[in-house]
Protein chains: 2
Amino acid sequence: MTSAQAEPPTPPWRRPRKGAPARRPLSRDLIVRTAQDILRTEGLDGVSMRRVAQELGTGPASLYAHVSDKDELLELVVDRIAGEIPLLEPDPARWQEQLKEAARAARRVWTTYSDVSRISLGSVPTGENQLRIAENHLAIMRAGGVPDQVAAWFVDRMGLYVDADAFEGSVFAARFREGWDAGEYFGQIRRYYEGLSPERFPHITSLVGELMEGEDEERFEFGLDLMVRGLASYVNG
Amino acid sequence: MTSAQAEPPTPPWRRPRKGAPARRPLSRDLIVRTAQDILRTEGLDGVSMRRVAQELGTGPASLYAHVSDKDELLELVVDRIAGEIPLLEPDPARWQEQLKEAARAARRVWTTYSDVSRISLGSVPTGENQLRIAENHLAIMRAGGVPDQVAAWFVDRMGLYVDADAFEGSVFAARFREGWDAGEYFGQIRRYYEGLSPERFPHITSLVGELMEGEDEERFEFGLDLMVRGLASYVNG
DNA sequence: CGTAGCAACGAACGCTGTTCGTCACCACTT
DNA sequence: AAGTGGTGACGAACAGCGTTCGTTGCTACG
């Protein structure tokens with residue numbers, strides 16, 4: 001449970017004046033951090049206004065003094081999480097590998113908070129930290145000699161790809177959180193594919209092994225490699 | 001409104017016996033078709049069990065005799081929509097362009113039902129029609145000489161990409177459905193980017209034009225081109 | 001000392017997916 | 001022909017959701 005954090009959610013608060021406030025010191029940052037904790041441990045479905053409020057020992061209505069919307073709260077959570085993604089110092093000689101490493105770093109954080117992609121996918125990045133990451137990706141590509149228009153579009157497409165891959169992972173994570181077993185689930189899928197009619201699905205039935213091959217990271221790496229290879233072909237010729 | 005279809009949702013029903021059934025002839029297929037209609041016209045948020053039932057002139061509990069879950073209902077809707085995607089006869093000489101055309105065809109249908117991607121993204125394709133499409137993509141690639149393992153993974157990644165792109169589109173579609181103006185929205189984003197600090201975001205601020213350039217299709221085409229170029233590099237060298 | 005402003009909050013609204021228990025009808029058996 | 005079992009249709013309800021309203025009580029300032 002997260003009650004260990006709920007008990008004293010108040011660090012040694014620096015009081016603005018003397019005299020202990022009888023009212024609970026709610027704040028925007030505290031709310032966002034609480035929502036982030038719930039997102040990490042219970043997924044997006046666990047993050048409700050009531051749940052966040054409960055964790056802070058209050059009611060849902062109290063949150064609306066600090067946050068206009070649930071959407072706004074979630075956007076703030078996303079950017080806070082984006083702050084955990086490390087930046088890279090551009091090295092022109094290694095720009096392709098650096099770009100991949102940047103994508104991996106983003107994926108690593110994004111899969112830690114498995115459902116953050118459900119919020120970020122499809123939303124235009126406007127938060128401080130998200131912009132810093134886009135800025136970093138642009139710097140790496142420009143150092144590598146990628147044309148401006150290509151670099152600009154690639155930032156968009158690579159962000160979409162990382163989001164989408166994490167989203168896919170979050171769907172499975174949700175299933176497994178509900179008690180499903182991973183091996184059993186994919187075993188069922190495999191057996192279902194194997195049992196299809198070879199006349200109507202000749203390629204699928206003959207490629208079951210290949211279709212099921214590879215862990216999450218391996219498939220992510222494959223897609224990433226596709227995109228960077230394609231990008232490189234815009235630079236060299 | 002959809003009431004035009006709601007009034008006589010019953011085609012000249014072929015009765016199993018004589019004597020008109022006083023009970024309403026609910027059926028699985030009718031329920032799925034109704035949900036599909038609502039999905040197209042009102043988006044995923046409009047598809048609730050109550051809403052579907054209302055359209056059929058009954059209560060939500062009646063649906064559970066034909067469908068085990070809302071999730072199952074939505075999966076059935078997805079596969080029904082997938083049935084609208086045309087298949088291509090593999091031509092080894094044009095495999096790259098064919099693969100792109102197949103992706104475009106899927107995207108075309110997926111953006112018609114703008115929120116279908118919100119259901120399909122991250123779910124393993126098991127429906128009849130979805131499998132037929134995967135089968136078709138595999139056939140095109142194998143005809144082009146793509147190695148089996150690469151082809152198998154590419155089907156996965158390209159499906160993810162089409163889903164993700166449509167998902168992004170559905171997020172914007174939802175905003176505009178709520179009354180937002182497209183030009184005004186992107187204009188605000190542009191001005192926000194332009195107003196950023198050039199010291200902290202030198203690349204973003206100098207690439208605002210490039211970042212905002214291009215319609216949806218153009219960006220989709222760019223990402224598709226990236227992936228197919230990368231794929232081709234696995235075949236030729 | 002009085003008061004303006006605002007954070008905190010209890011209650012409520014309308015919505016969601018789903019379940020339970022009941023009713024009415026059809027098809028079949030006796 | 002009378003009876004009966006099975007099942008689809010359905011009304012009501014439950015627990016949860018995001019959000020809003022109106023009120024309370026405290027803090028900081030005049």
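The chains referred to below are lettered A, B, ... by the order of the sequence lines, with proteins before strands, and numbering in each begins at 1.
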Value in whole Å for how far the [atom2] atom of [N] lies from [atom1] of [X]:
| X | N | atom1 | atom2 | value |
| --- | --- | --- | --- | --- |
| L56(A) | dA7(C) | CG | P | 16 Å |
| D71(A) | dG18(D) | CG | P | 11 Å |
| M49(B) | dA13(D) | CE | P | 21 Å |
| L44(B) | dT16(C) | CG | C1' | 13 Å |
| I31(B) | dG8(D) | CD1 | C1' | 11 Å |
| L63(A) | dC17(D) | CG | P | 13 Å |
| Q54(B) | dA9(D) | CD | P | 18 Å |
| L74(A) | dC17(D) | CG | C1' | 14 Å |

Exercise. Between T58(A) and dA8(C), does any side-chain N or O lie under 4.0 Å from OP1 or OP2?
Worked result: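 No, outside the criterion.
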Exercise. Would you say the ring centroid of F201(B) lies under 6.0 angstrom from that of Y193(B)?
Worked result: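 Aromatic pair excluded; centres sit 6.0 Å or further apart.
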Minimum-distance nucleotide (side-chain atoms of [X] versus [options]):
| X | options | value |
| --- | --- | --- |
| Y64(B) | dT18(C), dT20(D), dC10(D) | dT18(C) |
| P60(B) | dA8(C), dT19(D), dT18(C) | dT18(C) |
| A61(B) | dG18(D), dT16(C), dA12(D) | dA12(D) |

Problem set entry | Nearest atoms (heavy-atom pairs only) where V52(B) meets V47(B) |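 Nearest pair, atom of V52(B) first, then V47(B): CG2-CG1, 4.2 Å.
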For this session: Scan S62(A) against the nucleic acid and name what it touches under 4.0 Å (heavy atoms): base, sugar-phosphate only, or nothing.
Result: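 Contact class for S62(A): base.
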For this session: Verify salt bridge (charged side-chain N to carboxylate O under 4.0 Å, His left out) between R33(A) and D37(A), making sure each step is shown before the conclusion.
Result: CA-CA 6 Å; R33(A) 271 189 291 134; D37(A) 272 359; over 6 Å; no
Exercise. What do the steps show when you test E168(B) against L121(A) for side-chain contact (heavy atoms from CB on, under 4.5 Å), and what is the final call?
Worked result: CA-CA 7 Å; E168(B) 196 176 36; L121(A) 182 52; 5.8 Å; no
Exercise. More 5' along DNA chain C: G59(A) or R50(A), using each one's nearest nucleotide?
Worked result: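 Its nucleotide being nearer the 5' end, the pick is G59(A).
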Exercise. Is the NZ or CZ atom of R157(A) positioned over F222(B)'s six-membered ring, under 6.0 angstrom from the centre and within 45° of the axis?
Worked result: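 No, R157(A) does not sit over the ring of F222(B).
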